[in-house]
Amino acid sequence: MATDLPFFIVDVFAEEKYAGNQLAVFLDLEKRLSAAQMLQITREINFAESTFVRSVDHDGAYGVRIFTTQYEVPFAGHPSLGSAYVIAKHLMRSPEPQLVLRLKKGDIPIQIDAPDDLEGSRFTMEQAQPDFGPEFSADEISGLLGTPKEALDTSMPFQEVSTGLPYLILFLRDLEAIQNIRLNDEKVVQFMVQHQLHRSNSPSELTTSLFLVSTQTVEEGHDYHTRMFALDDGKLWEDAATGSANGCFLAYLLRYQKKERSAIVEQGYEMGRRSILYLDGNRMNDKYTLNVGGRVVPIAQGKWHVQ
C-alpha cells in the first residue's frame, strides 16, 4: 500500500531564493524508510545531501539522518541548519531559541536568533571538537591542485581538519588563483589514496574534501572567499555552501591565528549560488567553541510517494 511522506526544499546559507545550498528534508517520524530507501530518495532528488527527520526523543532532541547520493554521513553543516528550520517551522508548536539535532556524530545544538521570524533568523550550529590531521608541503599541494607554487599562500599550513567530516584546508594567494583552479579528478583520487585520505583506506572510512581559501573577496565586508570540492565515485563536484568545512576552517583559524575569531565567509560564487556563512568561535587551551551560522530560505514543499 502506498503512503506519502511530507518533504520540504530549502536553500541554506542563502540571503535570497535560489542561492546557498539546496536541501531536501523528509519527515519520517514513523520510520517507514529503510537506509536503502533513504539513499534511493537522495539519489532521486540529486542534491548534495538530503535529510530524514526520524524521531522526537524523550529529552526533546530530534533524530536526523543525513545522506549524500553515495552514502550516509555522520554530520554535515547545511543539512543540519536546513533540518532545524523545517523542524522549527513544521514540527514545533512554537519555535524556541534552541533545538538539538541527534546525528550519528552526536548531539548538535542549533541556535535560532529570531524564533518569531524564522525566515529572517540566523540559524547557528555548534560543531564538535576538531581533529587536526596531517600537514602537506607546498610541492605536494601544487601537484594536487595542478597549479604553480606561486599561486599558494605558504604562510598558512596545508592541513586536514575534521569536526565529523574531513577537509584539507588550502590557502591560495588571491582571488584570481582560487577562481582559476582546474582540478583533475584522477590526480585528486591518486593523492587521497596515496595519503590514506580516501574512503577505501582512510581510518574514518570517509574521503577528505578540499577547502580552498583566499583572503581576497568578491564583496566588501567579507573576510574570506572559499570553494569546496568533494569526491564521489571518483568524480569531483563543487559545493555551494559547506557548513562542516567552515567549522573546520574556524578551528584552523583559532589554532593558527587568534584564540577568538568572528568572520564572514562567501562561497558558491563560481557556481552562481551566492552563499554567506557567519563564523564565530574561541579556543580555551584545547577546548574549541565553533559556531557556524546562516539564513534558510524556503523554496517548496510536497508529498513523496513511498511504496
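Not measured: the values here are computed from a predicted model. Each residue takes its place number in the sequence, starting with 1.
- Panel note: side chain Arg54, backbone Leu33; a donor-acceptor pair is recorded below 3.5 Å.
- Under the 4.5 Å side-chain criterion, counting only non-hydrogen atoms from C-beta, Leu91 is in contact with Val53.
- Side-chain atoms of Arg199 do not come within 3.5 Å of backbone N or O of Leu206 as any donor-acceptor pair.
- Using a 4.5 Å heavy-atom threshold, the side chains of Ile112 and Leu99 count as touching.
- Ion pair Glu270/Arg227 flagged as a salt bridge, since at least one NZ, NE, NH1 or NH2 atom sits closer than 4.0 Å to an Asp/Glu carboxylate oxygen.
- No donor-acceptor distance shorter than 3.5 angstrom exists from the side chain of Asn285 to the backbone of Lys287, with no hydrogens or angles considered.
- Note: Glu219 CD to Ile264 CD1 = 10.0 Å, rounded to the nearest 0.5 Å.
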> Hey, mind stepping through Phe191 and His198 against ring pair (Phe, Tyr, Trp, His ring centres under 6.0 Å) and telling me if it holds?
Replying inline: CA-CA 9 Å; Phe191 179 93; His198 191 270; over 10 Å; no
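- In this structure, a donor-acceptor pair under 3.5 Å is absent between the side chains of Asp4 and Trp304.
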> Should Ile299 and Val10 be marked as a side chain to side chain contact (heavy atoms under 4.5 Å, CB included) after you check the CA-CA gap, both sets of side-chain angles, and the distance that decides it?
Replying inline: CA-CA 5 Å; Ile299 299 298; Val10 295; 5.6 Å; no
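- Atom-to-atom distance recorded for Ser200:OG and Met192:CE is 11.5 Å, nearest 0.5 angstrom.
- For the atom pair OG1 of Thr147 and CG of Leu183, the computed distance is 9.5 Å after rounding to the nearest 0.5 Å.
- Between Arg173 and Glu150 there is no salt bridge, since no side-chain nitrogen of the basic residue lies less than 4.0 Å from a carboxylate oxygen of the acidic one.
- Asp113 places a side-chain N or O within 3.5 Å of a backbone atom of Arg122 that can act as its donor or acceptor partner.
- Side-chain N or O atoms of Asp57 include none that pairs as donor or acceptor with a backbone N or O of Asp59 at under 3.5 Å.
- Within the 3.5 Å criterion, the main-chain N or O of Leu197 finds no donor-acceptor partner in the side chain of Ser202.
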List, one per line, each side-chain donor-acceptor pair under 3.5 Å for residues 249-257, sequence neighbours excluded.
residue : atom : partner : partner atom : Å
Tyr252  : OH   : Pro157  : O            : 2.5
Tyr256  : OH   : Gln159  : OE1          : 2.4

>> Between Leu152 and Ser142, is the side chain to side chain contact (heavy atoms under 4.5 Å, CB included) condition met? List the steps.
In response: CA-CA 8 Å; Leu152 306 177; Ser142 175; 4.3 Å; yes
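- Under the 4.0 Å criterion applied to side-chain N and carboxylate O atoms, Glu260 and Arg283 are not assigned as salt-bridge partners.
- Judged by distance alone, the side chain of Thr163 and the main-chain N or O of Pro130 form no donor-acceptor pair under 3.5 Å.
- Side-chain polar atoms of Glu266 and Thr217 form no donor-acceptor pair below 3.5 angstrom.
- Between the side chains of Tyr224 and Ser214, no donor-acceptor pair of N or O atoms lies under 3.5 Å.
- Side chain to side chain, Thr51 and Ser83 meet the donor-acceptor criterion of an N or O pair below 3.5 Å.
- Closest approach of Leu170 and Leu144 over heavy atoms only: CD1-CD2, 4.4 Å.
- Between Asn246 and Phe211, some side-chain heavy-atom pair lies under the 4.5 Å cut-off.
- Residues Leu118 and Phe123 form a side-chain contact, since some pair of their non-hydrogen atoms from C-beta on lies under 4.5 Å apart.
- Looking at Ser262 and Asp280, their side chains do bring a donor and an acceptor atom within 3.5 Å of each other.
- Of the inter-residue distances, the one linking Asp28 atom CG with Lys31 atom NZ reads 9.0 Å to the nearest 0.5 angstrom.
- With contacts defined as side-chain heavy-atom distances shorter than 4.5 Å, the pair Leu231/Leu236 qualifies.
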> Taking it one step at a time, do Tyr269 and His225 satisfy ring pair (Phe, Tyr, Trp, His ring centres under 6.0 Å)?
Replying inline: CA-CA 9 Å; Tyr269 284 55; His225 182 89; 5.8 Å; yes
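- Taken from CD in Gln111 to OG in Ser121, the straight-line distance is 10.0 Å, to the nearest 0.5 Å.
- Under a 3.5 Å cut-off, the side chain of Glu126 and the backbone N or O of Ile108 do not form any donor-acceptor pair.
- A salt bridge does not link Asp11 to Arg295: none of the charged side-chain nitrogens sits closer than 4.0 Å to a carboxylate oxygen.
- Each of Phe26, Phe52, Phe47 was evaluated against Phe7; a single residue qualifies, Phe26, per the ring pair (Phe, Tyr, Trp, His ring centres under 6.0 Å) test.
- Between Val193 and Asn201 there is a side-chain heavy-atom pair separated by less than 4.5 Å.
- The NE2 atom of His78 sits 9.0 Å away from atom CD1 of Ile66, with the distance rounded to the nearest 0.5 Å.
- Residues Asp239 and Thr242 form a side-chain contact, since some pair of their non-hydrogen atoms from C-beta on lies under 4.5 Å apart.
- With respect to the salt-bridge test (charged N to carboxylate O, under 4.0 angstrom), the residues Asp139 and Lys149 qualify.
- Between the side chain of Thr289 and the main chain of Gly281, no donor-acceptor pair closer than 3.5 Å is present.
- Here the side chain of Gln127 pairs a donor or acceptor atom with the backbone of Gly243 at under 3.5 angstrom.
- A heavy-atom distance below 4.5 Å is found between the side chains of Thr42 and Thr69.
- Classification of Asp107 and Arg102 as a salt-bridged pair holds, one side-chain N sitting under 4.0 Å from a carboxylate O.
- Linking Ile, Leu, Val, Met, Phe, Trp and Tyr whenever their side-chain heavy atoms come within less than 4.5 Å leaves Val297 and Met125 in two separate clusters.
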> Could you go step by step and tell me if Ser50 and Phe67 meet the side chain to side chain contact (heavy atoms under 4.5 Å, CB included) rule?
Replying inline: CA-CA 6 Å; Ser50 291; Phe67 284 78; 5.5 Å; no
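- When hydrophobic clusters are built by joining Ile, Leu, Val, Met, Phe, Trp and Tyr residues whose side-chain heavy atoms come closer than 4.5 Å, directly or via intermediates, Leu290 is grouped together with Val73.
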Side-chain atoms of residues 174-181: list all donor-acceptor pairs with protein atoms under 3.5 Å, sequence neighbours left out, distances to 0.1 Å.
residue : atom : partner : partner atom : Å
Asp174  : OD1  : Glu176  : N            : 3.3
Asp174  : OD1  : Ala177  : N            : 2.9
Asn180  : ND2  : Glu176  : O            : 3.2

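- Aromatic ring centres of His90 and Phe8 lie closer together than 6.0 Å.
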